[in-house]
Protein chains: 2
Amino acid sequence: MAKDGERREAWTGPATDYVLEHGLIGLSLRPLAKALGTSDRMLLYHFGTKDDLVAAVLTESNDRAVAAVESLSPSPDLRSAVLDLWSVADNSQFAPCTRLYVEAAALGLLGREPYASLVSEANGRWLASLVTHLTRSGVDRPLARRLVTVIDAAFLGFQLDAALDASGTTRKRAVADLADAVAELGS
Amino acid sequence: MAKDGERREAWTGPATDYVLEHGLIGLSLRPLAKALGTSDRMLLYHFGTKDDLVAAVLTESNDRAVAAVESLSPSPDLRSAVLDLWSVADNSQFAPCTRLYVEAAALGLLGREPYASLVSEANGRWLASLVTHLTRSGVDRPLARRLVTVIDAAFLGFQLDAALDASGTTRKRAVADLADAVAELGS
DNA sequence: GACGATGTGTAGCAGTTGCTACAGATAAGT
DNA sequence: ACTTATCTGTAGCAACTGCTACACATCGTC
């Protein structure tokens with residue numbers, strides 16, 4: 001294993017970019033290695049295992065999404081907080097992170113490891129960042145924790161829709177509906 | 001190709017059962033064939049292609065879910081309609097159908113065919129059945145069409161949660177919240 | 001300068017994948 | 001009985017998978 005993981009660290013970012021673009025499900029080491037200008041042999045030497053590499057990529061992607069939410073300035077109220085959060089999730093830069101999350105979740109659906117654990121952990125950090133943004137926007141912490149389940153579930157569904165369905169207008173209204181509905185719940 | 005698809009038809013059901021249990025993503029013809037008491041050779045002969053087989057399975061699974069929704073008796077109001085629909089989606093018999101749908105959607109996320117088209121078509125029929133149930137429960141058709149986007153998105157998200165997270169109580173409240181919120185939107 | 005540790009390239013293994021060539025079976029139609 | 005179309009089993013192909021054995025390079029240390 002690498003002495004200090006220097007190369008490993010240097011590869012994690014580009015590897016994540018590659019996976020975000022090409023998807024996780026059919027991921028193969030050789031094309032990825034080629035894109036990074038190296039060989040599968042080297043990837044395995046520095047990451048140890050394909051699963052370890054995937055874990056690093058998933059964590060990196062999750063970190064990016066969480067950082068994006070954390071960099072959000074507080075929203076004036078609950079309704080706009082939901083809209084602001086969606087604007088992050090739907091952002092062309094971070095939507096692939098959600099997509100990757102969905103892929104990993106699908107892989108973990110039947111308990112397949114390491115995906116199930118990875119996704120569960122990633123989900124925890126992601127939900128926590130949503131809760132934090134809601135509280136920073138003036139929402140009660142217990143209420144935020146409660147609403148975040150619905151919000152996140154709807155976001156995932158919207159993201160799936162977005163990728164498979166062209167009709168963005170329907171979804172736009174659905175997002176607004178969600179924001180209204182959640183705001184109603186919070187009052 | 002088969003003269004009248006008799007064997008193909010006879011295999012579609014069991015094959016769907018197998019895929020619902022073992023998942024779509026890692027699906028391989030040889031184990032499936034073994035479970036059906038035949039060989040991959042025969043599956044390909046009668047279905048033509050693995051993609052064709054998957055298409056048949058996906059359609060069958062979708063048909064089952066749609067049939068379950070259609071067999072639902074009308075709900076007294078919008079709120080209970082949402083809860084009743086969820087009780088179908090979360091049913092131990094039909095939850096695997098949703099799970100399979102998520103797997104197919106994940107496979108189609110990057111436009112990979114035939115998954116993207118199949119999922120898009122399946123989604124259309126599924127959404128239509130949800131709309132029908134809402135209208136049969138006294139909801140305005142335009143309103144039903146509008147709300148169904150949010151409802152379905154949240155359902156998908158819940159289903160992902162359900163598979164990856166043990167905590168059923170949180171989700172139970174989230175479902176109730178969703179029902180409340182949607183009911184509020186409809187009034 | 002010898003030596004061990006760390007890194008890298010080549011080549012290949014064993015397993016799996018969807019799919020197919022080939023030969024034989026079966027049965028229906030003439 | 002002979003042909004023709006439908007069906008099925010065996011065996012295998014070519015491509016790909018994650019991963020590894022082996023040889024070579026490089027480098028800091030004694």
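Every chain is numbered from 1, with letters handed out A, B, ... down the list of sequences. Please read all numbers here as calculations on a predicted model, not as lab measurements.
Regarding B:D40, its CG atom lies at a distance of 12 Å from the C1' atom of C:dT16, rounded to whole Å. For the pair A:L43 CG and C:dT8 C1', the computed distance is 13 Å after rounding to whole Å. Going from atom OH of A:Y45 over to atom C1' of D:dC22 covers 15 Å, rounded to whole Å. If you measure from atom CG of B:L44 to atom P of C:dC19, you get 6 Å, rounded to the nearest angstrom. In this structure, NZ of B:K34 is placed 14 Å from C1' of C:dT16, rounded to the nearest angstrom. Between A:L29 atom CG and D:dT20 atom P there is a gap of 12 Å when expressed in whole angstrom units. In this structure, the CE atom of B:M42 is 15 Å from the P atom of C:dA25, given to the nearest Å. Rounded to whole Å, atom C1' of D:dC7 lies 16 Å from atom CZ of B:R8.
Taken together through direct or relayed side-chain contacts under 4.5 Å among Ile, Leu, Val, Met, Phe, Trp and Tyr, B:F158 and B:V102 form parts of separate hydrophobic clusters.
Residue A:L27 is in sugar-phosphate contact alone, with no base atom involved, counting any heavy-atom pair closer than 4.0 Å across all strands shown. Here A:T49 lies in heavy-atom contact (under 4.0 Å) with sugar-phosphate atoms only.
Phosphate contact (OP1/OP2 of D:dC19, side-chain N/O of A:R30, threshold under 4.0 Å): absent. Distances shown here put every side-chain N or O of B:H46 at or beyond 4.0 Å from the OP1 or OP2 atom of D:dT6. An OP1 or OP2 oxygen of D:dG18 is reached within less than 4.0 angstrom by a side-chain nitrogen or oxygen of A:S28.
Within the 4.5 Å cutoff, no side-chain heavy atoms of B:Y101 are placed close to those of B:L58.
If you check D:dC7, C:dT20, D:dG18 against the side chain of A:K50, the one that comes closest is D:dG18.
Salt-bridge check for B:R145 with B:D140: failed, with every basic side-chain N at 4.0 Å or more from each acidic carboxylate O.
Taking CG from B:D52 and CZ from B:F47, the interatomic distance works out to 9.0 Å, rounded to the nearest 0.5 Å.
A side-chain donor from one of B:S117 and B:E113 sits under 3.5 Å from a side-chain acceptor of the other.
Between A:G26 and A:R41, the residue anchored closer to the 5' end of DNA chain D is A:G26, taking for each the nucleotide with the nearest heavy atom.
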